[in-house]
Every structure is written in C-alpha cells, then in structure tokens.
Amino acid sequence: NLTDEATKLVYRFTDNGGRDIALRYDQTVPFARLVAGNYKTLPMPFKRYQIQEVYRDGPIKLGRYRSFLQCDIDVVGPKS
C-alpha cells in the first residue's frame, strides 16, 4: 500500500516537551488535497510553485539526505 510506504518515510521524533513531531515529507500530497477539496472554486488553470525544505526518514547515504529542498511547479485543469 502506497500510504503505508509513505507513512514509513515521515521523519518523526519526540521533542524535549514530550510532544510527538512529524516534519513535512512531501509537497505533492498536500497540493493534491488542496485541489481535490477546492476544485470548483479554484481559477482554472490553477498554477502554483513552491520551494520548501522537506524531511525524510530512512537510511542516510550518498545522495540521500535527511532534509533537502523540493521545488514543485504545478498546473491543474484546462482553460476550457
């Protein structure tokens, strides 16, 4: 299941206050939720860009880092 695999990649930890923390792991899923929940009210085509640091759990090795910049450029929906 893709959802189970994605959940395993979320970088989670407990902070000094005992709170469970999960850092943003991806920009694609939140964008898809935004479009799905607001499709009828978004101007079409809906365009957006976002550059943000994201975090992933899993092995750290050459070419795979705990945090990195992700750049997304998306266009959704036709003008017609």
Side-chain angles (χ1 to χ4, degrees):
N1 185 327
L2 184 57
T3 304
D4 294 337
E5 288 301 312
T7 301
K8 292 177 189 175
L9 295 173
V10 172
Y11 186 56
R12 298 174 186 272
F13 59 94
T14 302
D15 71 1
N16 291 335
R19 295 170 291 208
D20 292 324
I21 307 293
L23 299 177
R24 181 183 305 273
Y25 129 91
D26 184 77
Q27 296 175 15
T28 306
V29 172
F31 175 67
R33 286 183 182 146
L34 170 86
V35 171
N38 300 285
Y39 190 79
K40 291 184 179 188
T41 59
L42 292 174
M44 291 298 165
F46 181 68
K47 301 175 184 181
R48 71 111 194 188
Y49 70 92
Q50 182 176 358
I51 300 172
Q52 185 174 22
E53 192 164 20
V54 293
Y55 303 84
R56 294 218 174 131
D57 205 351
I60 299 172
K61 54 188 174 184
L62 185 63
R64 184 173 174 93
Y65 302 100
R66 175 81 60 224
S67 67
F68 56 95
L69 285 178
Q70 180 178 346
C71 175
D72 277 8
I73 301 171
D74 300 293
V75 178
V76 176
K79 277 189 172 182
S80 62

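Quick caveat: nothing in here was measured; it's all calculated off a predicted structure.
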Just wondering, more than 12 heavy atoms not from Ile21 lying within 6.0 Å of its CD1?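 Count over threshold, so yes.
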Fill in: Gln52 side chain to Gln27 backbone, donor-acceptor under 3.5 Å
no
- Query: Judged by atom type as modelled, is there a donor-acceptor pair below 3.5 Å linking the side chain of Arg56 to the main-chain atoms of Val10?
  - Reply: no
Are any non-hydrogen side-chain atoms of [X] and [Y] less than 4.5 angstrom apart?
X     : Y     : answer
Phe31 : Asp74 : yes
Gln70 : Asp26 : yes
Asp57 : Arg66 : yes

* Would you check, one step at a time, whether the test side-chain contact (heavy atoms from CB on, under 4.5 Å) holds for Asp72 with Arg48? => CA-CA 8 Å; Asp72 277 8; Arg48 71 111 194 188; 3.4 Å; yes
Donor-acceptor pairs under 3.5 angstrom involving side-chain atoms of residues 33-44: please list them, not counting sequence neighbours.
residue : atom : partner : partner atom : Å
Asn38   : ND2  : Leu34   : O            : 2.9
Thr41   : OG1  : Asn38   : O            : 3.1

Those residues at least two apart in sequence (or on a different chain) that pass ring pair (Phe, Tyr, Trp, His ring centres under 6.0 Å) with Tyr11 are Phe13
For Gly77 and Pro45 the tightest heavy-atom approach is O-CB, 3.0 Å
**Asked** So how far is it from Gln50 CD to Ile73 CD1, rounded to the nearest 0.5 Å?
**Response**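 Gln50 atom CD to Ile73 atom CD1 measures 11.5 Å (nearest 0.5 Å).
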